[in-house]
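Heads up: the structure comes next, in structure tokens.
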Amino acid sequence: MWYPTGMDDPASSDTRHPLGQRARVLLTSVFGPYARDDEYGSRAINPMELYHNQVTREQGAFSLRMFHRSWGLMLIQANLDAPCVLLDFPSRDRFVEELRSQPWDVVGISSILPNVGKVKAMCALVRRYCPQAAIVVGGHIANRPGLRELVGADHVVRGEGVRWFRRFLGEPEERPIRHPLITSAFDSRTMGVPFGSGKGETAATLLPSVGCPLGCNFCSTSAMFGGKGHFFDFYRNGDELFSVMTGLERELRVRSFFVMDENFLLHRSRALRLLELMRAHDKAWSLYVFSSANALRRYSDEELLGLGISWAWLGLEGEASAYTKLRHTDTRALVRRLQGLGIRVLGSTIVGLPEHTPDNIDAAIDHAVAHDTEFHQFMLYTPVAGTPLWAEHRAAGTLLDEAECPEADAHGQLRFNYRHPHIRGGEETEFLRRAFRRDFEVNGPSVARIARTLLEGWQAHRRHPDPRVRDRVAWESRGLPTLYAGVLWAAERWLSRNQDLARRMRTTRESLGREFGLLARLAGPVIGTVLLGALWLEERRIRAGRAREPQTFFEANPAALPEVASRGAVRCRWVEPEPLARDEAGAAPVEVPAFDLG
Ligand code: SF4
């Protein structure tokens, strides 16, 4: 889980740029292409597609393919008055062209750690073409000790980036946060078919807070924002959040929100105030959230239904793991409970916990697969710089050096960057692959699992007494008798060699037929035939090794637009928070119960 915002380095927190708000700022993500092996550390197995990379990578043509913008950079840009241009996913040549186009005063580069080679190359390009520019590096990469010297930056900033940039440019730090208009994904496809391109079909991204106070030892996001006990709210209460959400709803014509908050439901008073306002204003929104098990457990079924929780990313970690958030939780029962509410679950499991051995790894994988979540992320237990786990390994002398494991390969989807107590170096690559494959062989394509759980939610709640819940459930289930019937028909045939799986596809499709009648029975073969053809083409594309790359975005805030509009920049857009009249509940501080912090 990553999203780069700048980071607040105490060593540079007093620094001010001499030009203040007159400084011209260029923000950029690292240059592409990404989905290939190159000298900068890009890896073909690691394209700029998060779901495919670490969730559905072994699902072949069924894999969920989509790109996500650099949300942290968008947030920073929307909140600066100084002229600010954002270049997202440039090529190296496009980045150079931009550097040469005008004398930038500040260049901000955001990155994750495996892209350190690219950041170094980009800093060198800035020095060459814009020697006057101050170079600011942020994002997860900023957790790496010695980064400033390694890449040749002026400032490596850790923590929350909006305030850092405002301070750096002499702008008021505590001003309310404008929320950029962000569509959660672009260029989405599965089974070789694009989806989500229509107005309002893709959720808006909502950024309520950053960081997670639970501070699990491996969690780089939590570490990046201060670790255990720390987080930063952009919107402290339900009123502010509701105001921003209504703005996003209006501007993007959406009714669903991808809530990019590491542990949204942990902030219970804020979530419950939001529920109150959703009820009062008749909002039948869908919320896709990240949540720890202990936070989720504290909500009743009616609260989850009322809040429109439709999708949850849930850390399962491992059966015997000692994480406080999982204490006293039967995770399989929790997943079943959520699915009974129609909530699609993305379970996240760690491969290579300290207790894992070649002898027990299959049992650990089977335990994960038995959750039968709609999606399953598997990640190698990886000490990432800045985390307590990394400090532990460094103290024990068990980290591998750059020659043994290049930083470009330490992304959790290939190999360990340390010596595991029981697993010999290299074995983990196959264990990880085995986990993904077994999940697919047993549970089938994620898109078919979604259909099953949507149907379960539809059957259980389509007559719910709250019209908002009925409305949302009907909206989320609208594709069941048509598109999903076709998906199941095609999947059944595509996977016919795995009889158990084919039977599962058929069972769900027949249930759709019973529920929706003739329409679903006809749509299955009609739409399914088209999808079979698309699957075949997608398979051919994958076998030919044809990678997909995100398009380049070039956006300017109002102060920068006059200078760059002629070169094709578009104006970045945002919503201003307009707090409603607050009552006591709405103004209540964020509540993080002590037991959650362990
Ligand atoms: S609960 Fe999740 S987000 Fe929070 S610290 Fe643990 S792994 Fe990170």
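In each ligand, atom 1 is the first atom listed, and ligand 1 is the first ligand listed.
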Could you pull out every donor-acceptor pair under 3.5 Å between side chains of residues 385-394 and any protein atom, sequence neighbours left out?
from, atom 1, to, atom 2, distance (Å)
Thr387, OG1, Val384, O, 2.7
Thr387, OG1, Trp390, N, 3.2
His393, ND1, Thr398, OG1, 2.7

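Note that CG of Leu296 and CG of Leu304 are 6.5 Å apart. Values are rounded to the nearest 0.5 Å.
Heavy atoms of Cys216 found under 4.0 angstrom from ligand 1 belong to the backbone as well as the side chain.
Here is the list of ligand 1 atoms found below 4.0 Å of a heavy atom in Phe218: 7 (S). Close approach to Lys325 involves these atoms of ligand 1, each under 4.0 Å from a residue heavy atom: 1 (S), 2 (Fe), 6 (Fe), 7 (S). Ligand-side atoms of ligand 1 in range of Cys219: 3 (S), 5 (S), 7 (S), 8 (Fe), range being under 4.0 angstrom from any heavy atom.
The closest approach between any non-hydrogen atom of Gly315 and ligand 1 is not below 4.0 Å. No heavy atom of Phe290 sits closer than 4.0 Å to any atom of ligand 1.
In this structure, the ring of Phe431 has its center no less than 6.0 angstrom from the ring center of His356.
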Could you walk me through whether Met48 and Asn53 pass side-chain contact (heavy atoms from CB on, under 4.5 Å), step by step? CA-CA 8 Å; Met48 192 57 88; Asn53 270 350; over 6 Å; no

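One finds a salt bridge joining Glu430 and Arg434 here, because a Lys/Arg side-chain nitrogen approaches an Asp/Glu carboxylate oxygen to under 4.0 Å.
Checked against side chain to side chain contact (heavy atoms under 4.5 Å, CB included), Ser286 has the following partners two or more places apart in sequence or in another chain: Ser256, Tyr288, Ser310, Arg472, Trp475, Glu476.
Among the backbone and side-chain atoms of Cys212, no N/O/S atom is found under 2.8 Å from atom 8 (Fe) of ligand 1.
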